[in-house]
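Everything on this sheet refers to the single structure shown next.
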Protein chains: 2
Amino acid sequence: MRKGAETRERLLSIAETAVLAKGFGATSIEELIVEAEITKSGFFYHFKDKTELARALIVRYLEADEVLLDDLFKRARELNDDPLHSLLIGLKLLAEMMADLPEGHPGCLVATICYQERLFDKDIHELTRGGALAWRARFVRVLEEISEIYPPNDDVDLVEVADLISTIVEGGIIMSKALREPEKLAAQVILLRSYIKLLFSPRPS
Amino acid sequence: MRKGAETRERLLSIAETAVLAKGFGATSIEELIVEAEITKSGFFYHFKDKTELARALIVRYLEADEVLLDDLFKRARELNDDPLHSLLIGLKLLAEMMADLPEGHPGCLVATICYQERLFDKDIHELTRGGALAWRARFVRVLEEISEIYPPNDDVDLVEVADLISTIVEGGIIMSKALREPEKLAAQVILLRSYIKLLFSPRPS
DNA sequence: ACAAAACTGTACTGGCGGTACAGTACTCGC
DNA sequence: GCGAGTACTGTACCGCCAGTACAGTTTTGT
């Protein structure tokens, strides 16, 4: 009974790649089953329709994403206990991870879904919104911790700063793809790091 | 002979909205001709296939975008001749323009195309790349002018800073959509303004 | 060995992209 | 006001794909 989960996983993995490369509407079930080497009936055994595939895709994506970021920022925290330096290290690690993708970042499922809103129901939009809010919550927590120690050098809303991290990752992915410069994403994350540094570093006076 | 251009324009406008809402692959020619109230033959009179529609869409989009930004930053320059203050005013105007979209930003065609790369040929990818490079060139020019007067407070590559503007607009659009907070985009542009300010403002010492 | 799980095979519907081509209405320049 | 494009309409067709239905078969855990 574990074989089913394996096939399902393989299908999801193939589907994710295809959706990120061509969009959801342009991804045919046909091509998925050819690559996964199963029949159409096999596909519909796992997912009752394309909508259920979409839901499974985004759930899987968000879960993997959370595990990844949890791990990364936990490692950063272990390297330095100061919240500011730990965040700066975390962003460095994030940039390094992005730079280690030679083909460039494959893309973010949340972005794909946002750019094809009409194809998905309210349910799925709530999932993507939850993902964005989870990112926000993660960073707002550290930013508050930081601002207690290092008063910010400009009057900014910490929620906006937290969202800026997601904004730059999402925007960086697009710019990487548009410019055909895979390194762009990492470079933009490093620039974000520069902003956080400027914003919280005590000014020499 | 002007009537043809009018129909073509209407088709492009309808197509742009549809593509931004559902993706290119999921946008059917059928729905376009129903909304434009012409026949399928009429459509293929204007565009020989869907690919040519895509090309026309992106060309039209980039042209309109350039005119818009040219106008906006020209106005900003008229309000203040100092390059730094003019850029800060320009970003303020940009944020205000974004905030004036009650339904939120409809989306960027360049982003849609990047997230459906496999659907388009090299030709179209060169067009989107050109668009991104045009944005870069526009801002690198002012940033160099600025840095001659105001030495930056951190060791950053001005090309990266120029690209950061596009990155934040693109990312802001996605975050606006994902979070269902139309104001998010403007807020993120204002935060970018805060970074530019911190980066170039002379430090009190 | 048995039951449930994990599929396969076959057959069908309806929608869409795209092609082909003949015919028609409108409109601009002369 | 007439001829020559321009800007379409109408009809008919092909092949691909999402999705449905359902009966049959193999694989797997216990």
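Chain letters run A, B, ... following the sequence lines, proteins first, then strands; residues in each count from 1.
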Can you tell which of [options] lies closest to the side chain of [X]?
| X | options | answer |
| --- | --- | --- |
| Thr7(B) | dG18(C), dC8(D), dA18(D) | dC8(D) |
| Tyr45(B) | dA5(C), dC8(D), dG18(C) | dC8(D) |
| Phe44(A) | dT20(D), dA18(D), dA20(C) | dT20(D) |
| Ser41(B) | dT9(D), dA18(D), dT19(C) | dT9(D) |

Whole-Å gap separating [atom2] ([N]) and [atom1] ([X]):
| X | N | atom1 | atom2 | result |
| --- | --- | --- | --- | --- |
| Lys22(A) | dC17(D) | NZ | C1' | 12 Å |
| Glu30(A) | dC17(D) | CD | C1' | 7 Å |
| Phe43(B) | dT9(D) | CZ | C1' | 16 Å |
| Ile38(B) | dT24(C) | CD1 | C1' | 16 Å |
| Glu37(A) | dC7(C) | CD | P | 13 Å |
| Ile33(B) | dG15(C) | CD1 | P | 14 Å |
| Leu53(B) | dG17(C) | CG | P | 11 Å |
| Lys48(B) | dG18(C) | NZ | P | 11 Å |

Inset, instruction - Verify the distance criterion only: is there a donor paired with an acceptor across the side chains of Asp154(A) and Tyr195(A) at less than 3.5 Å? - result: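 No pair is found: no donor N or O on one side chain lies under 3.5 Å from an acceptor on the other.
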Inset, instruction - Fit a plane to each ring of Phe120(B) and Phe24(B), take the angle between them on a 0 to 90° scale, and name the class: parallel (under 30°), tilted (30 to 60°) or perpendicular (over 60°). - result: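 Geometry flag for Phe24(B) against Phe120(B): tilted rings.
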Legend entry - Non-neighbouring partners of Arg75(A) that pass side-chain hydrogen bond (donor to acceptor under 3.5 Å, both in side chains), sequence neighbours left out: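 With neighbours one apart ignored, the set is Asp71(A).
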Legend entry - Glu37(A) CD: over 12 foreign heavy atoms closer than 6.0 Å: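 Counting neighbours around CD of Glu37(A), 12 or fewer heavy atoms of other residues, nucleotides or ligands fall under 6.0 Å, so no.
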Inset, instruction - Give a yes or no on whether Lys50(A) atom NZ has more than 12 heavy-atom contacts from other residues, nucleotides or ligands under 6.0 Å away. - result: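 Check passes, neighbour count above 12.
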Inset, instruction - In plain terms, say whether Arg138(B) and Glu66(B) are close enough for a salt bridge, that is, a side-chain N and a carboxylate O under 4.0 Å apart. - result: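 No.
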Inset, instruction - Would you kindly check whether a donor in the side chain of Thr39(A) faces an acceptor in the base of dG9(C), or vice versa, at under 3.5 angstrom? - result: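 Counting by modelled atom types and ignoring angles, no donor-acceptor contact under 3.5 Å is found here.
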Legend entry - Ranges pairing with ranges for DNA chain C, where each run has three or more Watson-Crick or G-U pairs under 3.5 Å: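 Counting only runs of 3 or more consecutive pairs, the stems involving DNA chain C are C:1-30 with D:1-30.
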Inset, instruction - Verify the ring-centre separation between Tyr115(A) and Tyr115(B): is it less than 6.0 angstrom? - result: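 Not under 6.0 Å, so no.
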Inset, instruction - Identify whether any heavy atom of Thr27(B) sits under 4.0 Å from a base atom; if not, whether one sits that close to sugar-phosphate; answer base, sugar-phosphate or nothing. - result: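 Sugar-phosphate only.
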Inset, instruction - Could you tell me whether Lys50(B) contacts a base, only the sugar-phosphate backbone, or nothing, with contacts defined as non-hydrogen atoms closer than 4.0 Å? - result: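 Sugar-phosphate, backbone atoms only, no base.
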Legend entry - Distance test, side-chain N/O of His46(B) to OP1/OP2 of dA7(D), below 4.0 Å: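 Negative; the distance criterion is not met.
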